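Okay, structure first, notes after.
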Amino acid sequence: MTAEPMLPVPYRVSGRVVETADSVTLRLEPVHEPVGEAKLGQFMMLYAHGVGEVAISVSGPGPAHTIRAVGAVSRALHDLVPGCVVGVRGPYGTSWDVEDAAGCDVVIVAGGAGLCPLRPVLAAVLEDRDRYRRLVVVAGARAPEEFLFPHELDSWTRRHDVEVIRTVDRPAAGWSGPVGFVTKPLAALALDPLATRAFLCGPEPMMRACAEVLRKKQMPASAIRVSLERAMKCGIGLCGHCQLGPLLVCRDGPVVDYTVAGPLLAVKEL
C-alpha cells in the first residue's frame, strides 16, 4: 500500500462485464506498484477523476469491483471502459474470516448487491471444498433480471455440492422459482446450529431479519457475520462519517459478528 494513505494509486481498467441494467464488474490492474492484496470482505476506496471517491467492496480477484450506478461517483465508475485509469486506496476494513468456518456447514445469504462481497467467500469455500461441510447459498433480488453474476449462479446451481436458492421479491413473467424475501427459504432450512457459520450481506433490515431467523434456530450470534455499510469518506477511521454507535465501520468493520451488530441494528435510525 502507498506510504500516504490518502493518496490514490493509479489502476487501469483491464476488463468490464455488464451484470445488470445498472451494474458492471470492473477488473483493475496496477499502472505501477499495486496496493496490498485484499482479504475476503475488505473494500477499496475508488476515485473517479474529477468526480469523487467511494468505498467499493472487492468482488473478485484482480482486483475486481462490481459497481451499481446509484450516484455521481458510482455512475462515473460504472461508465468506465477498458483503458481508463482510476485511483485506488486500500484495502481497508475487517474480513469474513472464512477459515473459522472450516469443518462447519456454511450458509451464505445475499440480498441484491450484497452478493458482491460474498462472492469471494463462496469462491474460497469451493476452492478448498473438502475443508467445509454443507454449503448453502440463498440469493434474493427484486426481479429475475437483477441477479448479479447470473452465469455463475447457474454454474453453482449445477454443482452437486452446493445448494443454491434464488428468490425474487414479487412474481414475474417467466419466473418459476421461489417468490418472497430471503427470510422465507432461510426459515425453511434445517440447520445444525452449533456447527454452522452464516455470512450475511444486503440491506440492514434484511440482515437483521435473517439473523433473527438463525437465532431462532439456536445459532449463536458469534457464528453469524454481517457486512455493515455506512458513508465511508476516508477509509482509515479519521473523518467519523461512518460512525455506527461505538464503531467506525471503515476501521472496525465492515464485517462484524452479530454479537456486535445485533444491538446496533436494533436501534432505529442509528
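Computed from a predicted structure; not experimentally measured.
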Output the distance between atom [atom1] ([X]) and atom [atom2] ([Y]), rounded to the nearest 0.5 Å.
X	Y	atom1	atom2	value
Arg27	Ser14	CZ	OG	6.5 Å
Arg68	Leu148	CZ	CG	5.5 Å
Glu204	Leu265	CD	CG	5.0 Å
Met207	Ile224	CE	CD1	12.0 Å
Ile108	Cys201	CD1	SG	11.5 Å
Ser227	Leu40	OG	CG	12.0 Å

With a 3.5 Å distance limit and no angle check, can you tell me whether [X] reaches the backbone of [Y] through a side-chain donor-acceptor pair?
X	Y	value
Arg225	Asp97	yes
Tyr11	Val35	yes
Arg16	His78	yes
Ser74	Val70	yes
Thr157	Leu153	yes
Arg119	Ser59	yes
Ser57	Phe43	no
Gln243	Gly245	yes

Discussion item. Could you work out, with salt bridge (Lys or Arg N to Asp or Glu O under 4.0 Å) as the rule, every residue matching Glu163, not counting sequence neighbours?
Written reply: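 Testing Glu163 for salt bridge (Lys or Arg N to Asp or Glu O under 4.0 Å), a comparison that skips the adjacent residues, returns Arg134.
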Worksheet item: salt bridge (Lys or Arg N to Asp or Glu O under 4.0 Å) with Arg131: which residues, sequence neighbours excluded?
Response: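 Here the qualifying residues are Glu99, Asp128.
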Item to complete: Go through Leu46 and Ile67 one step at a time and tell me if the side chain to side chain contact (heavy atoms under 4.5 Å, CB included) criterion holds.
Response: CA-CA 10 Å; Leu46 301 187; Ile67 300 164; 4.3 Å; yes
Does a side-chain heavy-atom distance below 4.5 Å link [X] with [Y]?
X	Y	result
Arg166	Asp154	yes
Pro117	Gln42	no
Met44	Val88	yes
Leu28	Arg12	no
Leu77	His65	no
Cys210	Phe181	no
Leu244	Leu228	yes
Val162	Val125	no

Worksheet item: Does Arg89 pair with Glu53 as a salt bridge, N-O distance under 4.0 Å?
Response: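 Yes, Arg89 and Glu53 are salt-bridged.
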Considering all heavy atoms, the nearest [X]-[Y] contact:
X	Y	value
Ala76	Val51	CB-CG2, 3.9 Å
Gln218	Leu194	O-CD2, 4.3 Å
Ala110	Leu118	CB-CD1, 3.7 Å
Pro91	Gly36	CD-O, 3.2 Å
Cys242	Met232	CB-CG, 3.9 Å
Val255	Gly41	CG2-O, 4.2 Å

Fill in: Pairs flagged by ring pair (Phe, Tyr, Trp, His ring centres under 6.0 Å) wherever residues 212-254 is involved - sequence neighbours left out
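Every pair satisfying ring pair (Phe, Tyr, Trp, His ring centres under 6.0 Å) with a residue in residues 212-254: there are none.
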Fill in: Pairs flagged by ring pair (Phe, Tyr, Trp, His ring centres under 6.0 Å) wherever residues 185-206 is involved - sequence neighbours left out
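Residue pairs passing ring pair (Phe, Tyr, Trp, His ring centres under 6.0 Å), neighbours aside: Trp96-Phe199.
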Practice prompt. Please lay out, stage by stage, how Glu145 and Thr20 fare under the test side chain to side chain contact (heavy atoms under 4.5 Å, CB included).
Written response: CA-CA 7 Å; Glu145 66 273 13; Thr20 68; over 6 Å; no
Discussion item. Please determine whether side chain to side chain contact (heavy atoms under 4.5 Å, CB included) holds for the pair Leu189 and Ile165, giving the CA-CA distance in whole Å, both sets of side-chain angles, and the decisive distance to 0.1 Å.
Written reply: CA-CA 11 Å; Leu189 283 179; Ile165 304 168; 4.3 Å; yes
Item to complete: Any side-chain hydrogen bond (donor to acceptor under 3.5 Å, both in side chains) involving residues 103-115? Give me the pairs, sequence neighbours left out, ordered by first then second residue.
Response: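 Counting only pairs at least two positions apart or across chains, the side-chain hydrogen bond (donor to acceptor under 3.5 Å, both in side chains) contacts touching residues 103-115 are Asp105-Arg133.
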Got a sec: does the [atom1] of [X] have more than 12 other heavy atoms crowding it under 6.0 Å?
X	atom1	result
Phe147	CZ	yes
Glu37	CD	no
Lys217	NZ	yes
Glu229	CD	no

Would you tabulate the side-chain donor-acceptor contacts of residues 167-174 under 3.5 Å, counting partners in other chains and residues two or more places apart, or write 'none'?
| from | atom 1 | to | atom 2 | distance (Å) |
| --- | --- | --- | --- | --- |
| Thr167 | OG1 | Pro178 | O | 3.3 |
| Thr167 | OG1 | Gly180 | N | 3.3 |
| Thr167 | OG1 | Gly180 | O | 2.7 |

Practice prompt. Carefully, step by step, assess Tyr132 and Leu126 under the rule side chain to side chain contact (heavy atoms under 4.5 Å, CB included).
Written response: CA-CA 9 Å; Tyr132 304 88; Leu126 292 177; over 6 Å; no
Could you list the residues that satisfy side chain to side chain donor-acceptor pair (under 3.5 Å) with [X], not counting sequence neighbours?
X	answer
Tyr258	Glu212
Thr183	none
Ser222	none
Ser95	none

Worksheet item: Linking I/L/V/M/F/W/Y whenever their side-chain heavy atoms sit closer than 4.5 Å, directly or via other members, would Val106 and Val213 fall into one cluster?
Response: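 No; Val213 is not reachable from Val106 via cluster members.
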Worksheet item: With sequence neighbours left out, which residue pairs that include part of residues 235-261 fulfil the salt bridge (charged side-chain N to carboxylate O under 4.0 Å, His left out) condition?
Response: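 For residues 235-261: none.
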Fill in: Partner set under ring-ring contact (aromatic ring centres under 6.0 Å, His included) for Tyr47, not counting sequence neighbours
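Tyr47 satisfies ring-ring contact (aromatic ring centres under 6.0 Å, His included) with His49 only.
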